[in-house]
Amino acid sequence: MAMRDEQERFIHLVRLAWDLHATGLSAAIDLPKGENPVVLVRRAKGAFRIEVAKYATGWFFTWGRRQDQRVRALDVNAFRRVWEAAQ
């Protein structure tokens, strides 16, 4: 992936982590070596991992493989969908 895409991926993750933090969730950016960066939401039943992926139609936050487990990264309500899924 090109450097510009990597930077854009990181910006989307930081924005999501900040928005989730504002809702009261404990969110952190994880930059594991050799893996894609993710937002980790700490919760009682274990960490909830959110990735950001680039598709032909744009950037999406994903937290599973199903169609209903992703939301456009630039959707103004994206953090709400992720927040709901993290509950």
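Bear in mind the structure is a predicted one, so any value in this text is a computation, not a measurement. Throughout, numbering of the chain's residues begins at 1 and tracks the sequence.
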With rounding to the nearest 0.5 angstrom, report the CH2 to CG distance, Trp59 to Leu13. 9.0 Å
Trace of the side-chain contact (heavy atoms from CB on, under 4.5 Å) decision for Phe48 with Leu25: CA-CA 11 Å; Phe48 185 70; Leu25 289 179; over 6 Å; no
With heavy-atom distances below 4.5 Å as the criterion, would you say the side chains of Val39 and Trp63 are in contact? no
What's the spacing between Trp83 CH2 and Thr23 OG1 if we round to 0.5 Å? 7.0 Å
How close do Ala17 and Ala27 get, heavy atom to heavy atom, and via which atoms? O-CB, 3.8 Å
Report the C-alpha separation of Arg80 and Val71 in whole Å, then their side-chain angles, then the decisive distance to 0.1 Å, and conclude whether the side-chain contact (heavy atoms from CB on, under 4.5 Å) test is met. CA-CA 10 Å; Arg80 286 188 183 96; Val71 62; over 6 Å; no
Quick check: closest heavy atoms across Gln87 and Arg43, and the distance to 0.1 Å? O-NH1, 4.1 Å
Under the side chain to side chain donor-acceptor pair (under 3.5 Å) rule, collect the residues that match up with Gln69, sequence neighbours excluded. none
Going through the distances and angles, do Leu74 and Phe60 end up as a side-chain contact (heavy atoms from CB on, under 4.5 Å)? CA-CA 8 Å; Leu74 294 178; Phe60 286 80; over 6 Å; no
Are side-chain N/O atoms of His12 and Arg15 paired as donor and acceptor at under 3.5 Å? yes
Restricting to side chain to side chain donor-acceptor pair (under 3.5 Å), what partner residues turn up for Glu84, sequence neighbours left out? none
Are side-chain heavy atoms of Arg9 and Asn36 found at a separation under 4.5 Å? yes
Which heavy atom of Arg49 sits nearest to which heavy atom of Leu40, and what is that distance? CG-CD2, 3.4 Å
Report yes if the side chains of Leu16 and Ile50 come closer than 4.5 Å at any heavy-atom pair, otherwise no. yes
Whether the Arg42 and Ser26 side chains hold a donor-acceptor pair (N or O, under 3.5 Å, no angle test) is what I'd like checked. yes
With hydrophobic residues grouped by side-chain heavy-atom distances under 4.5 Å, do Val76 and Val14 end up in a single group? no
Shortest non-hydrogen separation from Ala73 to Ala78 and the atoms involved: O-CB, 4.2 Å
For the hydrophobic clusters of this structure (ILVMFWY residues joined by side-chain heavy atoms under 4.5 Å, transitively), does one cluster hold both Leu20 and Phe10? yes
Would you give the length of the straight line joining atom CG of Asp5 to atom CD of Glu8, rounded to the nearest 0.5 angstrom? 6.5 Å
Do Arg70 and Val52 come within less than 4.5 Å of each other through their side chains, counting heavy atoms only? no
Working to the nearest 0.5 angstrom, can you tell me the gap between Phe61 CZ and Asp75 CG? 9.5 Å
